[in-house]
Engineer: 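To start, I am sharing the structure in question, which I have written as structure tokens.
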Amino acid sequence: MEPEEIETLAVLGAGSMGHGIAEVAALAGYEVTLRDIEREFVEDGYEQIVWSLEKLADGGRIEEAEAEAAQDRITPLVDLEAAVEGADVVVEAVPERMDVKKEVYTEVEEYLPEGAIVASNTSSLSITELSEVTDRPGRFCGMHFFNPPVRMELVEVISGAHTEEATLETVEAFAESLGKTPVRVRKDSPGFIVNRVLVPLMNEASYLVSDDEATVEAVDSTAKFDVGLPMGLFELADLTGNDVNHSVLEYMHEVLGEAYEPAPLLEAKVENGELGKKTGTGFYEYEDGQGAEIPADAGSDGVERRLLAAMANEVGKLVADDVSTPDDIDRAMLLGAGFPEGPARMADDHGLVDLVDLLEEQYEATGHPRFEVGEGLREAADRGGFHGTDDGR
Ligand SMILES: NC(=O)c1ccc[n+]([C@@H]2O[C@H](COP(=O)([O-])OP(=O)(O)OC[C@H]3O[C@@H](n4cnc5c(N)ncnc54)[C@H](O)[C@@H]3O)[C@@H](O)[C@H]2O)c1
């Protein structure tokens with residue numbers, strides 16, 4: 001079946017994500033309405049778009065005329081009816097609160113054409129639960145852009161329990177028409193793919209320090225210089241915000257079980273209000289132009305094995321639960337998290353049997369549920385790798 005034709009997009013919420021999504025869609029030639037609750041907020045978002053388009057034109061990435069045309073395709077609005085009455089697709093980017101989003105959908109249903117698709121940019125809330133307050137659960141899915149949408153190529157397209165295949169195909173084709181790479185998340189599972197790998201990995205980093213097995217410096221040096229991640233895990237945690245990571249873990253803990261309990265060090269940071277860059281202190285200090293200074297030579301093999309084992313176990317769980325495939329997980333982590341290689345590939349290259357042994361030893365020694373080897377990792381280790389042994393590399 002051919003994906004349906006889309007001409008007009010309504011973006012709800014003109015904040016960090018909403019304005020970026022509107023800009024990307026306007027650049028791709030769509031007519032866009034951008035809606036926020038106050039004139040001041042929607043104008044702020046619109047001004048940020050104008051600023052960003054000018055920067056793209058100044059840098060020679062687009063023509064001046066393209067920037068102007070894109071700007072003309074965006075209509076900033078406060079009136080919800082006017083924003084959604086002609087929309088083929090609505091992308092919702094209002095604050096990450098279930099009650100706020102549900103209220104927005106109820107209101108949107110009064111004016112939105114029957115066949116239109118509603119997609120949420122939520123980072124963590126249940127797509128199924130959100131879809132159930134609309135009159136169109138089959139025409140509802142997740143469309144998770146990464147920050148900033150203008151630069152980040154990945155879009156996770158998430159199926160809720162009621163989402164129809166045609167909706168997913170249309171949204172994936174729409175994402176491609178924006179110049180993005182959609183990766184399907186087949187089941188509505190906490191953290192989808194990228195955050196499901198990253199957030200427990202940051203938690204493992206905190207456990208290593210909580211349990212006195214490594215220092216912040218050693219973990220970040222290993223992550224950045226030995227594993228080759230774009231930044232240290234504590235550096236990343238400080239950038240995302242310890243409160244944000246903590247609440248994602250709490251949600252995983254509630255839905256997925258004890259393996260996701262936040263580490264004591266992370267708990268302490270949140271309790272002390274040391275939330276990261278935004279508060280001036282987190283795992284590092286950010287006052288007076290300071291920041292993370294990560295030495296290139298403080299890493300260790302022991303920490304590297306622990307990080308790889310944590311990632312491999314998470315990949316295995318996503319595969320065993322049929323949320324995603326090793327190839328899609330790798331693609332998502334390359335595009336959405338700047339990994340040099342996908343986590344499934346890295347774990348295969350290291351050797352899954354060694355990672356299973358490490359987890360079993362740790363489980364035996366500590367009994368902590370995060371070390372329990374999942375069925376997906378065990379099966380992949382038996383087969384010789386997530387990607388098999390005979391994949392032409
Ligand atoms: N910031 C990120 O890095 C990031 C990345 C991916 C996804 N997300 C998700 O995107 C969504 C938006 O996040 P954000 O960072 O852009 O938040 P934000 O706070 O920057 O923007 C939210 C905007 O929504 C507006 N708003 C509130 N109620 C509204 C309503 N009823 N109708 C229209 N607008 C309304 C607010 O006034 C605000 O301008 C959240 O679900 C978040 O989880 C955020």
Side-chain angles (χ1 to χ4, degrees), residues 9-24 32-49 52 75-84 87 90-112 118-127 129-130 133-134 140-158 175 180 182-183 185 188 190-196 198-199 236-248 251 275-278 332 335-338:
L9 174 71
V11 179
L12 305 181
S16 310
M17 296 304 290
H19 88 266
I21 296 166
E23 178 181 352
V24 168
V32 182
T33 56
L34 177 64
R35 193 256 171 175
D36 210 302
I37 43 177
E38 305 269 350
R39 175 116 315 259
E40 186 195 331
F41 301 156
V42 78
E43 274 168 8
D44 276 357
Y46 188 74
E47 273 164 28
Q48 289 192 57
I49 295 173
S52 166
T75 312
L77 288 164
V78 173
D79 181 344
L80 181 65
E81 180 172 3
V84 304
V90 172
V91 173
E92 167 275 306
V94 306
E96 187 74 338
R97 280 185 38 200
M98 190 57 98
D99 55 340
V100 174
K101 290 191 192 282
K102 284 184 172 175
E103 217 174 279
V104 169
Y105 299 148
T106 309
E107 223 187 319
V108 162
E109 281 297 355
E110 285 179 43
Y111 312 112
L112 188 66
V118 180
S120 176
N121 187 46
T122 179
S123 309
S124 62
L125 301 176
S126 161
I127 299 299
E129 185 173 346
L130 289 171
V133 300
T134 72
F140 187 101
C141 69
M143 187 174 191
H144 185 216
F145 288 84
F146 287 72
N147 196 9
V150 175
R151 235 187 27 234
M152 299 294 288
E153 199 186 317
L154 179 67
V155 175
E156 292 179 328
V157 176
I158 305 119
K180 303 296 172 196
V183 168
V185 183
D188 183 13
F192 312 134
I193 297 172
V194 172
N195 286 331
R196 174 72 181 271
L198 274 185
V199 178
L236 176 64
D238 275 353
L239 197 64
T240 323
N242 290 322
D243 52 337
V244 174
N245 290 329
H246 186 267
S247 85
V248 172
Y251 181 49
L275 305 183
K277 210 166 175 184
K278 62 187 171 190
L335 298 176

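Counting starts at 1 for both ligands and their atoms, following the listed order.
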Engineer: Are side-chain heavy atoms of H144 and V185 found at a separation under 4.5 Å?
Structural biologist: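 No, too far: nothing below the 4.5 Å cut-off.
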Engineer: Kindly identify the option in A93, S16, A83 whose heavy atom sits closest to atom 22 (C) of ligand 1.
Structural biologist: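 Checking each option, the heavy atom nearest atom 22 (C) of ligand 1 is found in A93.
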Engineer: Tell me, which protein residue and heavy-atom name are nearest atom 37 (O) of ligand 1, and how many Å apart are they?
Structural biologist: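 Heavy-atom neighbour on the protein nearest atom 37 (O) of ligand 1: D36 OD1, 2.7 Å.
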Engineer: Which ligand 1 atoms are under 4.0 Å away from a heavy-atom of G15?
Structural biologist: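 So the atoms of ligand 1 that pass are 16 (O), 20 (O), 21 (O), 23 (C), 39 (O).
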Engineer: Would you please determine whether F145 falls within less than 4.0 Å of ligand 1 on a heavy-atom basis?
Structural biologist: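 Yes, F145 has a heavy atom closer than 4.0 Å to ligand 1.
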Engineer: Side chain, backbone, both or neither: which part of V104 has a heavy atom under 4.0 Å from ligand 1?
Structural biologist: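 Side chain only.
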Engineer: How does H144 reach ligand 1, if at all, at less than 4.0 Å between non-hydrogen atoms: by side chain, backbone, both, or neither?
Structural biologist: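 Under 4.0 Å from ligand 1, H144 contributes side-chain atoms alone.
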Engineer: What protein heavy atom sits nearest atom 44 (C) of ligand 1, and how far away is it?
Structural biologist: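 Of the protein heavy atoms, M17 CG, 3.3 Å lies nearest.
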Engineer: Heavy atoms of the protein only: does one fall short of 4.0 Å from atom 17 (O) of ligand 1?
Structural biologist: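 Protein heavy atom within 4.0 Å of atom 17 (O) of ligand 1: absent.
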Engineer: Could you list the atoms of ligand 1 found under 4.0 angstrom from a heavy atom of N147?
Structural biologist: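 Answer for ligand 1: 1 (N), 2 (C), 3 (O).
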Engineer: Short list, please: which atoms of ligand 1 are under 4.0 Å from a heavy atom of S123?
Structural biologist: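 Here the atoms of ligand 1 in question are 6 (C), 7 (C), 8 (N), 9 (C), 42 (C), 43 (O), 44 (C).
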Engineer: Would you confirm whether D36, through its side chain, and A14, through its main-chain N or O, come within 3.5 Å as a donor-acceptor pair?
Structural biologist: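 Judged by distance alone, yes, a pair lies under 3.5 Å.
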Engineer: By the definition side-chain hydrogen bond (donor to acceptor under 3.5 Å, both in side chains), identify the one residue from E47, E23, H19 that meets it with S52.
Structural biologist: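 With S52 as partner, E47, E23, H19 yield a single side-chain hydrogen bond (donor to acceptor under 3.5 Å, both in side chains), made by E23.
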Engineer: Would you say E92 and ligand 1 have an N/O pair spaced under 3.5 Å apart?
Structural biologist: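 In fact, backbone or side chain, E92 has no N or O that close.
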Engineer: For ligand 1, which atoms have a heavy atom of K101 less than 4.0 angstrom away?
Structural biologist: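 Answer, ordered by atom number: 40 (C), 41 (O).
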